[in-house]
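Encoded as structure tokens, the structure appears first; notes follow it.
Atoms within a ligand are numbered from 1 in the order they appear, just like the ligands themselves. Owing to the predicted nature of the structure, the values given are computational and were not obtained by experimental measurement.
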Amino acid sequence: MSGIGIANLPNQRHKIVNQNGAHFTVMVVGESGLGKTTLINTLFATEICAPRNYLNRHAKQMDKTTEIEIIKAFLEERDFTIKLTVIDTPGFGDYVNNKDSWSPIIDFIDDQHESYMRQEQQPHRREKQDLRVHACIYFVRPTGHTLKPLDVEIMKQLGTRVNLIPVIAKADTMTPDEIHNCKMIIREVIAAQGIRVYTPPIDSEDETAAEHARAMQSVMPFSIIGSVDDVTTPDGRVVKGREYLWGVAEVENDEHCDFKKLRSLLIRTYMLDLISTTEEQHYEAYRLAQMETRKFGEPKVRKLDNPKFKEEEEQLRRRFTDQVKVEEARFRQWEQHLIAERDRLNKDLEHAHTTIKSLETELEQIAAYHRQGASINRR
Ligand SMILES: Nc1nc2c(ncn2[C@@H]2O[C@H](COP(=O)(O)OP(=O)(O)OP(=O)(O)O)[C@@H](O)[C@H]2O)c(=O)[nH]1
């Protein structure tokens, strides 16, 4: 039999993806100022075709990203075209309540699964809008220290929902040894905390592919340098990179960072795997979880109806009532104190009044006495 069978699965997937005009969606997440937008621009500048009729821009503005932004482009690779969507998310880490700054990102991912599931339940489902995130690049600050609790928390949440790909941002700010140590530390934390990250599958049938997958796994988390600037190296090559007094940090140089490997993983070697694992694992997990908690076609539990939020709301209400009671008691005490003070002052006033009165009487008596004395003298 030709054309059917497990061995042809990758080719078949390739065909299905091609015929359906595949969508591939990448999301960038991480603390503010780590170079998420720059990485998107670098990917666009080094590989991705300029958008055709798409509404969106080629190069993103470098201002601080304050809301989730969706950038679209076409990616042409040999005989197939991919509609690429990149989702830039606001950096978090500079808010008082950091939880609020990243929950919209999680909600966005869930909402895309939800929207796709709802469309699948419709009678007409040929033209589905699909923004399910196939790869989520998570930026880690290049400190060389262990991951922050906030990173761990977010990565845990992301790892159960999407193919999570951690990267070390701004690799040009570290020496090769520091990068190596940083990778070891991150790998240890990921393992110890049970964070689910994407790992390229090892193909047992194809040794070259397996070797490639192992090589990819061994460099993860990828170290990244982002830049859209053309700079000249000391040996006269013009490259995308960042210029320093000591030389040039090159984006596409494997000795300097893993940008090329990341790009290859995303838009060459493992794109189909990222798409199919999203469909088969993450979307399926979402669908199953939702099917277990509600009837077919029933809308998603709104946040406010969600028992967890109800409980939070109830707690908040109780805290508010307690606070009001405390304030009221404080006010009553203060009122009592004021009344006592007023009474005391009134008494003082009365006392002063009586003293004045008696002094006045005394004065009048003295005056009368003097007048009497004067009239006797005149006589
Ligand atoms: N040294 C170095 N600087 C970088 C790199 N990538 C970006 N930057 C610089 O870091 C600053 C912030 O970059 P952005 O791309 O705006 O960062 P962001 O993560 O999108 O920031 P938010 O939108 O606030 O979340 C800019 O000045 C960039 O030029 C890098 O690889 N190395």
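Ring orientation note: the planes of Y283 and Y116 are nearly perpendicular, at an angle over 60° on the 30°/60° scale. Taking the six-membered ring where the residue is Trp, H212 and Y270 present parallel rings, their angle staying beneath 30° rather than reaching 60°.
Put simply, no part of F259 is less than 4.0 Å from ligand 1, judged by heavy atoms.
Here the rule is side-chain contact (heavy atoms from CB on, under 4.5 Å) with L131, and of T25, I109, D111 only T25 fits it. If you run side chain to side chain donor-acceptor pair (under 3.5 Å) between R132 and each of E279, Q112, H282, only E279 comes through.
Of the N or O atoms in D88, none lie within a sub-3.5 Å distance of an N or O in ligand 1. In terms of N/O distances under 3.5 Å, ligand 1 is not approached by T173. For ligand 1, the polar-atom distance check against A171 finds no nitrogen or oxygen pair separated by under 3.5 Å. Taking any N or O of G226, backbone or side chain, at least one lies under 3.5 Å from an N or O belonging to ligand 1. The shortest N or O to N or O distance between K170 and ligand 1 is below 3.5 Å. Geometrically, ligand 1 and G30 share no nitrogen or oxygen pair separated by less than 3.5 Å.
Between K240 and D229, no side-chain nitrogen of the basic residue sits less than 4.0 Å from a carboxylate oxygen of the acidic one, so the salt-bridge criterion is not met.
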